[in-house]
Amino acid sequence: MKKLIKTGKTAALPFFLLSVILLSACTPPTPPADTTESTQPRVTEEVTTQVAEKNVSISGIRNLNTAPAVADSHKDEAGSSSLELDFRNAVSIRATKLGTNTAFYPRIKKLSDGSFILFYNTGQTGPSIKYMKSADGVEWGESKFLAESESLEGGDRSLYATADAVELANGDLLVVYSYRTEKTYTKDLSKSGIALRISKDKGESWSEPRSIYVGMNWEPHLLQDKNGTVYCTFTHTAPYVHLYGYNNTIRSSGAAIVRSTDNGETWTPEVTGAPYTAQRVMQSYIGMLDGRKIFNDQMPVMLQLNSGKLMIACESRQLDNKYYISIGYSDDGWAKELGIEEVGPSERSTNLFRGAGPYLAQFPSGETVLSYAYNSFLTKIGNAEGKSFGAEDKPFVAISSACMWGTLEPDTDHSVIGAFEDKRTVNNQSITFITYGSMYLNHRINAKNTSTAITADPADWSNNTDALFVGSVSQAQSTYRFAHSGDKVTVLVERLDRELTDGDKDIIFLAGEGASTFVKITVNAEGVDRVQSFDGKSYKNVDKDSVPFAVNTVTEGDKDGRGYVVEFSLDKSLIPGLGDVLMVNAQLANEDDGEKFENDTFAYTTLTDVSTWQPVVLDK
């Protein structure tokens with residue numbers, strides 16, 4: 001470990017687990033060519049001071065952004081928000097642990113005691129459902145059957161699939177799943193339905209299963225709203241099959257609900273047989289087939305927004321077998337029931353973009369998150385009303401692209417877990433296991449107005465935890481925090497890196513809001529390595545001694561705690577156009593075992609377009 005503080009040379013120029021799988025890095029837009037020219041800033045006397053070593057602990061993103069969440073604090077700022085996967089701590093649960101080579105439809109839930117429970121199919125359509133528990137979301141216990149397939153008379157067997165769960169306000173854990181027979185369910189709709197089991201002890205034991213809906217269905221989902229009503233939303237196929245028979249190509253369907261106001265004891269409507277009609281709440285017309293109108297909107301998931309409004313996201317399958325994402329909304333708890341050939345709800349967005357298997361989440365700060373599959377696990381960020389979804393992102397692209405039917409689960413106030421079935425070929429055999437990881441929210445943060453000694457000790461920043469995060473393509477990851485006072489801006493860079501090499505560095509780009517030029521600071525395990533200004537065409541060197549810094553490196557002890565901390569301060573006059581908002585971009589370059597992971601950066605950012613960078617408000 002070493003620590004060096006440098007001060008002086010002031011510039012006045014106007015002027016960035018179970019297993020974690022390392023694969024190729026993402027490639028953001030190419031930065032402008034570094035055609036460096038020298039400049040001669042005004043300088044004052046230089047003073048270099050050596051100070052005693054001091055042990056430091058590198059924070060890590062999970063220990064930052066700890067200020068109490070303010071509801072909808074960023075509700076109008078979703079356009080600048082993004083998600084960043086914590087690659088280092090992503091987990092893949094392999095077949096030997098799952099007890100199956102074909103794990104599908106994972107649903108991970110975080111419980112109120114901090115533990116986790118994971119449900120999954122043992123095949124794409126069953127035949128069984130298993131679950132596992134974890135105290136910390138990393139180490140998992142034994143896989144157990146929630147619903148195990150059994151042989152039936154006549155050579156038939158039972159199938160169970162697509163479980164989803166919710167922990168109620170009273171602590172009960174409810175899980176629902178679809179059941180049916182393998183061979184006869186298309187002819188006898190009463191042999192299909194939705195089963196419910198309840199646990200009073202966080203999934204250690206379960207009540208006997210009981211049916212809460214009878215009829216052909218798929219993909220039930222659970223939500224308890226703020227008033228205590230529990231909604232079970234599902235793909236509602238049975239009424240159409242009952243009227244017109246089973247169609248092997250495409251079946252008319254929509255999204256329907258049954259609801260409970262007594263914590264799952266009773267459900268309305270009570271559907272025990274023909275005509276198998278629950279309360280339809282969402283469906284869209286997709287065309288005519290064999291002289292009949294065909295409707296769709298399936299695999300529904302429901303979310304209650306911070307405002308109290310309810311929304312449903314569905315995949316909308318078209319007659320040409322293409323899938324799109326559609327979303328519906330309700331202000332009155334789905335008071336209106338749709339007719340069998342009625343499009344609704346009245347407030348809806350239809351066929352927004354290609355995709356299937358949606359899931360929804362919302363941060364306390366307001367941003368909504370939609371995940372879905374279209375050749376990969378994809379996410380989009382929307383505003384606090386669950387609308388105006390931005391560009392798509394592939395947060396797990398450095399781990400896997402072969403994934404479907406993923407899920408989201410809120411983790412902390414600034415992170416959400418994404419999980420999906422991960423398809424690989426191992427020894428010429430197709431294997432499907434489960435991969436998941438936390439995605440951290442990057443959005444507008446604040447720089448405290450406080451005078452900060454340049455010590456490279458994160459403990460000095462204990463009351464200033466607002467941070468930005470990069471770390472989605474390799475085990476190396478960095479956080480960036482900011483403060484300001486008078487004519488100075490101070491930046492704290494904390495990098496976790498199990499293997500520091502000469503090529504490891506962080507590049508921080510800083511500009512004022514609306515600026516077209518910027519200053520670029522490169523740091524590494526030696527501290528500030530280079531300072532440059534970009535004038536729109538080329539880079540020019542700025543004397544790096546004009547940027548005082550301190551550095552601490554951690555190269556011993558637990559590998560997970562190794563890395564470096566660099567703290568530096570620079571004149572506000574070096575940052576082009578700086579007013580009340582500092583715009584920040586960052587790139588992390590890493591090299592592990594000779595493999596390079598360059599330009600890990602914030603999602604959606606373009607280096608030469610400052611408006612796409614992350615905003616940092618300078619507190620008064």
Side-chain angles (χ1 to χ4, degrees), residues 15-16 59 61 64-67 69-70 73-84 363 365-367 381 413-414 440-452 454 458 460-471 477-495 506-521 523 528 531 534 547 549 565-588 601-607 609-620:
F15 310 9
F16 196 193
S59 303
I61 185 59
L64 299 176
N65 292 316
T66 56
V70 177
S73 57
H74 292 63
K75 67 177 183 178
D76 299 320
E77 305 173 60
S80 62
S81 302
S82 63
L83 292 176
E84 182 82 358
F363 288 105
S365 52
E367 297 96 333
I381 291 184
D413 286 347
H414 280 79
Y440 284 86
L441 179 64
N442 281 322
H443 64 185
R444 184 262 303 158
I445 62 173
N446 286 31
K448 287 186 179 293
N449 188 345
T450 181
S451 180
T452 304
I454 308 300
D460 296 340
W461 291 65
S462 60
N463 66 344
N464 184 4
T465 68
D466 279 12
L468 301 174
F469 172 65
V470 171
Q477 56 180 238
S478 293
T479 62
Y480 310 94
R481 287 188 269 176
F482 305 87
H484 78 109
S485 179
D487 62 355
K488 300 287 186 181
V489 168
T490 303
V491 182
L492 182 71
V493 180
E494 294 182 80
R495 179 185 179 114
D506 288 78
I507 307 170
I508 300 94
F509 304 87
L510 304 175
E513 192 175 29
S516 58
T517 59
F518 52 80
V519 63
K520 171 184 176 181
I521 303 97
V523 305
V528 173
V531 181
F534 179 68
V547 179
F549 69 87
V565 181
V566 178
E567 185 174 4
F568 63 85
S569 177
L570 71 164
D571 287 347
K572 290 180 179 178
S573 62
L574 283 174
I575 304 173
L578 182 61
D580 295 331
V581 179
L582 174 68
M583 301 298 290
V584 177
N585 200 356
Q587 290 181 354
L588 183 155
T601 188
F602 305 131
Y604 313 131
T605 56
T606 301
L607 181 55
D609 184 357
V610 172
S611 68
T612 67
W613 297 6
Q614 288 294 330
V616 178
V617 173
L618 305 184
D619 283 351
K620 299 297 185 182

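The basis for the numbers below is simple: all heavy atoms, side chains too, and nothing from hydrogens, waters or symmetry mates. Computed from a predicted model, the values in this text were never measured in an experiment.
- Atom CG of D413 is separated from atom OG of S73 by 9.5 Å, given to the nearest 0.5 angstrom.
- S81 and E367 get closest at one heavy-atom pair: OG-OE2, 2.7 Å.
- For the residue pair N446 and D619, a side-chain donor N or O sits within less than 3.5 Å of a side-chain acceptor on the partner.
- Expressed to the nearest 0.5 Å, how far NE2 of H443 lies from OG of S80 amounts to 9.0 Å.
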Check: Passes side-chain contact (heavy atoms from CB on, under 4.5 Å), D580 versus L618? Steps please.
Finding: CA-CA 5 Å; D580 295 331; L618 305 184; 5.5 Å; no
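- Here R495 contributes atom CZ and T479 contributes atom OG1; the two are 11.5 Å apart, rounded to the nearest 0.5 Å.
- We find the CD1-CZ distance between I454 and F549 to be 11.0 Å, quoted to the nearest 0.5 Å.
- With hydrogens and angles left out, the side-chain atoms of D460 and T452 include no donor and acceptor closer than 3.5 Å.
- Of all the heavy atoms in I381 and A78, the pair that sits closest is CG2-O, 4.0 Å.
- Of the possible donor and acceptor atoms, none in the side chain of R444 sits under 3.5 Å from a partner among the backbone N and O of E77.
- K488 places no side-chain N or O within donor-acceptor distance of the main-chain N or O of S451, the cut-off being under 3.5 Å.
- Of all heavy-atom pairs spanning T601 and N585, the tightest one is OG1-OD1, 3.2 Å.
- Note on ring orientation: taking the six-membered ring where Trp is involved, the planes of F469 and Y440 are perpendicular (angle over 60°, cut-offs 30° and 60°).
- Contact check for Y480 versus I445: no side-chain heavy atoms found under the 4.5 Å cut-off.
- A heavy-atom distance below 4.5 Å is not found between the side chains of V493 and E567.
- Between the CZ atom of F363 and the CG atom of L441 there is a distance of 4.5 Å, given to the nearest 0.5 Å.
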Next item on the list: List the steps and the verdict of side-chain contact (heavy atoms from CB on, under 4.5 Å) for V584 and W613.
Entry: CA-CA 5 Å; V584 177; W613 297 6; 5.6 Å; no
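- Looking at F602 and V470, their side chains come closer than 4.5 Å, going by heavy atoms from C-beta outward.
- Judged purely by atom type and a 3.5 angstrom limit, E513 has no side-chain atom pairing as donor or acceptor with the backbone of M583.
- Contact check for N65 versus D466: side-chain heavy atoms found under the 4.5 Å cut-off.
- The shortest distance between side-chain heavy atoms of L588 and D506 falls below 4.5 Å.
- Between L570 and V531, the closest side-chain pair of non-hydrogen atoms is not below 4.5 Å.
- For the pair F482 and L582, the minimum side-chain heavy-atom distance is below 4.5 Å.
- Side chains of S82 and E84: a donor-acceptor N/O pair is absent below 3.5 angstrom, by distance only.
- Closest non-hydrogen pair, S569 versus V547, comes out as O-CG1, 3.3 Å.
- For the residue pair V489 and K572, the shortest heavy atom distance occurs at CG2-CG, 3.7 Å.
- Contact detail for Q477 and I61: the closest heavy-atom pair is OE1-CG2, 4.2 Å.
- Between L510 and I521 the shortest side-chain heavy-atom distance falls below 4.5 Å.
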